[in-house]
Amino acid sequence: MRLRILALLSVFALLVTACGTGANPTPSPASSGTAPASATPGSAETYPRAETLYTTGKQWGAPSTWNPLDPNAAMGVVGLQYETLFLYDPLKDTFKPWLATSASWTSPTEYTIKVRQGVKWSDGQPLTAADVAFTIGLDKIKAIGANTWDYVTDATATDDSTVVVKFNNPNYQEWATWTYNKPIVPKHIFESKANEDILKFTNVNGVGTGPYLYKTHADDRMVWMKNDNWWAKTALNLDVKPKYIVDIVNGSNSVGLGLLLQGGIDLSNNFLPGIATLVTGGYGITTYYSKPPYMLSANTAWLVTNDKKAPLSDPQFRRAVAYAVNVGDIVNNVYGNIVAAANPTGLLPNWDKYVDKATVDSLGFKYDPAKAKSILAAAGYKTGSDGFVTNKDGSRIALTIMVPSGWSDWEAAEKVIVTSLKAAGINVEAKPVDYNGLVDARNNGNFDFVINNEVQVSNTPWTYYDYIFHMPLQSGAGKNRNYGSYENPQAWALVQQLDKTPVTDIAAMQAITKQLQQIQLTDMPVIPLWYNGMWSQVSNAVWTNWPSAEGTSHYLPSTWNGYWQMGAVLMLTELKPAPQQ
Amino acid sequence: MNDPERISSAVPVGAAAPDRAPIQPAAPAPAPRPGEPAAASGRAEAVGRRREILYFALRDRKVLVGLGILIVFVAAAVVGPLIRPGDPDAFVGPMAAAPSREWWFGTTTFGQDVFAQFVYGVGSTFLVGLFGGGLAALIGMTVGFVAGYRGGVVDEILNMLTNVVLVIPTLALLLIAAAYLTARGVLVEAVFIGLTSWPWAARAIRAQTFSLNTREFVDLARLTGVPSWRVIFGEIAPNMGSYLFMTFILLFGGAILIAATLDFIGLGPTSGSSLGMMMYNAVAWSALQLGMWWWFIPPGLGITAIVGALYVMNVGLDEIFNPRLRKM
Amino acid sequence: MRRYFGRKLLIYGLTFFIAATIDWMIPRFMPGNPVQSLLSRSHVAPDAVPALIAYYNNLFGLDRPIWEQYLSFWGALLSGDLGRSVYLTGRPVTDVIMSAVPYTLALLVPAILLSWWAGNSFGAMAARRRWLDNAALPIGYILTATPYMWLAIVLAWILGFIFRLFPISGGYSYALEPTLTWTFVGSLFSHWFLPFASLFLVMFGGWAIGMRNMIIYELDADYSRYLEALGAPTRLVRKYAFRNAVLPQITGLALQLGVIVSGALVTEIVFSYPGIGKLTLAAIQNEDYFLLQGIFLFIIVGVLIANFLVDIAYVLVDPRTRVGMSGRSA
């Protein structure tokens, strides 16, 4: 029996090995025909624990594309393998020259980029200005989903190290986000793919400039290996410490937590309820802050109101709702203080300088059910026989709130909202629906309230306001902003004006955001609730000196999309191996 | 033993419980003695048999144990919500508390009362079993009776239908059906389960109907021009009452297990709680890794106890209805 | 016999046709819209949205008339193309499924065969010895009434979490690359064991009870009594009884395949075992109906093939079917 099991097992092993290699086509032309045979028996390649960083939290499905232009590219493709012109550090609000040594507006409509010299692609070719100009040019391809060429008119490499980008009526803010979000790709590889089907190019084991090289992947993991020839070693005296990075695909949050507790994962970027008890529980797990809210803030959770549907189309009604929601209960009871209540403007802490304190003091809201009731009464909403307010014409109000079923923390928050709104006389019920149904209802305006948190940390509050005030309204499958369908041409003009303000002109930006906040807090197009955390739990068993408020490393501890180039890559240079016991 | 149909379908189908286990054959109930007109024999005999069955049932350990467990759970489902009124998913307690005098079954990571969820879940478990199993029994009986009684082309078509539904993996079908609905309740789930889990019952009942078809009392009824449905429900069905009852019990248990499976892959009710969803949430929110056994042990234990009790009762009933088995 | 198989093949063919048609409807008639859900997860510039919608509609073939989509679905199906996964950004579904299949088969095939063999042997033994019967019966009932995932959870908790004997997630160690070495095979084995064991145990209980009860029936049948009356040795009678009792167990296996498969799916989910089950969960959670469609079809084909194998086994074991099955007059 033993033998038979062993025999079966080896067949199984063979199959897995064969499929494993089958899934990683080597660039050799004959790979398709020889894939199963190429499973070479040899010593098991093991990643030594002390040199390997295990992460989880970004990847929710099998890694399937390594094309840096695809927003669904595997964990680390942008940031570890492909790099951007600049890094943007939200904690310090600074741009750090990366593949560019400098860049400046040489005229109001001309941006000149100095490309770093001495950087080599991993196939040995040098990075030149032509690569950068080519990458900008790629944005003309509609399938990439960019609108750069709405305001860019030309991008030319004038010599090996200089790119001149010409604009008509430049969107300065938007362009600044481009410089640290767009990965520069090698022209000599991508040139032949530059057409509408560019996203079909999966680019396994691609050619990048970054500190890591593709090692291997399977459906449940992505493995990176250190690039010993990384340019920043000499140019910036930076060195990433882990030799391997193994990113584990989230089967579920629970798998990640189990491995984290056992020291099998070093960095978990999952939402783990009850993490507060683990931080203090002697598991060797730490977070950015050692006390509430434990995490940095990543985005703002709003209560999105359907501003096209009575009674929520009435700004006074929305204001009453804002006063009625007991955010404190959500923060304390639902999240156990791992999130923080949002500022009434909803602007993330790193945008604090754009919050106009005077406006917030005069117009801002806070939890106050009595005030909510008085706003409703003042606006002419009478209380019906069932204790709930009625429409102005006396008809009954029955609102619903939706969150995707199974999102337990949001479901819990939803319950708090329902309870507190009812207490203020607003009749609302939770409506159970799955994610797909929610998207459909939300995009087509068939909802009253939904919770949404889609604007992430960035260098500019423009991304935040563009999301809230975007016009013209979209609908259907393509709707991805302003779900409440709030229409205010004046606000939208301000947002566009903000976009066209140079990023260095903070005072001008503040002047605009002040006006936007006045509109926002008067009309309440969305109701900011709490700041969702940049979930990050780290184990100190193998690696130490993780980013923390108290320590010396102050970088974003996140492997999520877009966070490597917001400084997280520098976290890797600060890590230290844990002392051997 | 030379009737191929008995081998190929009657016994094995009875042998295959709705969910998965070849739980045992329920042989046809003894038909009225040959020569005795069925209608005339009816009442007195039925009463006598009923008494006899009751007599043995009250002395059969398996039936008593099974019934006892079921009663305990039904009581829990009825009384429980009275002890812990309100929404079972409400956030009422401390987070992740172990069982204590105050929180009998502890609380979840979010501070929900596991006991409240449990008793509520037991209730919906019975609901799913009752409606899902009931609907499946209804469809199975209708298809089985009609196919078995009418035979010919009707039988061919129904048989084909049965076979098709039989080989389609139920879960895959349910998966899609459930995904179609963005909002689902326990009853909807039960209907889906009922609609897909009847084929084995239909096959078994069809085979039984065949064997009764040739009995004199059925022939007699048919000859006197009684309409088909009256022959079926007046003559055939009563004569396999015990068989039908046992079929229902197995379908009941099967529906519960299927519901638990559906719940566990996240296709359970979008509102309300169930034992399967408790397990789903416990696993999804790391109860295993955090050692919160009180979150995942009760729901699984509940399902096992209820389904196990049903099965054991079924075997006990089998022994009662088939006296020859009693000696073992 | 030809008619018997002909009939079976007709049923399987019809089932496949119906199932495939339902299957085709999945991504097209689901509430919502797969492209909409896909776009809702990435925040592209609003101006670029129409282009992306067109791109994805074209990629998934949703921009053609319905009837044409249906026909090309069959065309693609017959050439083994199950379309493209939405949440895995256009990766071919066949490809995705194939990399998960070895894991699922490695769980299912040994679990089914071993539990069937062990359960039947044990059941037959239990029917012979009263003490064994008294002990085996309750255990069998408890096992068979246990939901697959719960047994898996309990095993993972006790053997994986408390005693740390086995890993409780993944297909092999995250520190290894698939190579044909003992380290790797060992890792594969230790990850495989718990999911296998939980599947095995639940099924084992069912088969054991089935066999035990079946033997008792057979021993009570006329032919057994006749043999006994003739003075045949008990061993011989039991041998015949066993043979007859095995037949329904084979049919039972066929009937249970669908349920066993779903049991394997939830077991994989508990252990994050990288097979079809985990893929199914991911497809559901990400509302990837194209992937779900492929998985569904794959499971159906698998179950149909397995059913057919059981049919063949049945004919081999039971010579009567070669005559009897060919035509039944009712």
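Order of the sequence lines fixes the chain letters, A, B, ..., with proteins taken first and strands second; residue numbering starts at 1 for each chain.
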Toward chain C, the part of Leu301(B) with a non-hydrogen atom under 4.5 Å: both
With a 4.5 angstrom heavy-atom cut-off, is it the side chain or the backbone of Phe16(C) that approaches chain B, or both, or neither? neither
To the nearest 0.5 angstrom, please state how far the OG1 atom of Thr267(C) sits from the CZ atom of Phe264(B). 8.5 Å
For the pair Trp293(B) (side chain) and Trp157(C) (backbone), establish whether a donor and an acceptor sit closer than 3.5 Å, ignoring hydrogens and angles. no
Does a sphere of radius 6.0 Å around CZ in Phe308(C) hold more than 12 heavy atoms from other residues, nucleotides or ligands, not counting ones at 6.0 Å or beyond? yes
Pro147(C) and Gly300(B) have their tightest heavy-atom pair at CD-O, 4.3 Å
I need the Phe296(B) CZ to Trp150(C) CH2 distance, nearest 0.5 Å. 9.5 Å
Checking heavy atoms, do the side chain of Ile18(C), its backbone, both or neither come under 4.5 Å from chain B? side chain
Rounded to the nearest 0.5 Å, how far does CE of Met279(B) lie from CD1 of Ile269(C)? 12.0 Å
In terms of heavy-atom contacts, Ile142(C) and Thr304(B) come closest through O-CG2, 3.6 Å
Which answer fits Ile256(B), side chain, backbone, both or neither, if we ask what part of it has an atom under 4.5 Å from a heavy atom of chain C? neither
Proximal component of Tyr280(B), with respect to chain C [non-hydrogen, under 4.5 Å]: side chain
Rounded distance (nearest 0.5 Å) linking atom OH of Tyr141(C) with atom CG of Asn314(B): 7.5 Å
Closest non-hydrogen atoms of Leu257(B) and Ala145(C), given as atom of the first, atom of the second and distance, are CD2-O, 3.8 Å
Segment of Leu10(C) engaging chain B (4.5 angstrom heavy-atom cut-off): side chain
Pick whichever of Leu310(B), Ile297(B), Ile303(B), Val312(B) has the most heavy-atom pairs under 4.5 Å with chain C. Ile297(B)
Ile153(C) portion near chain B, given a 4.5 angstrom heavy-atom threshold: both
Quick check: closest heavy atoms across Met149(C) and Thr261(B), and the distance to 0.1 Å? CE-N, 3.7 Å
Is chain B contacted by the side chain of Ile168(C), its backbone, both, or neither, given a heavy-atom distance below 4.5 Å? side chain
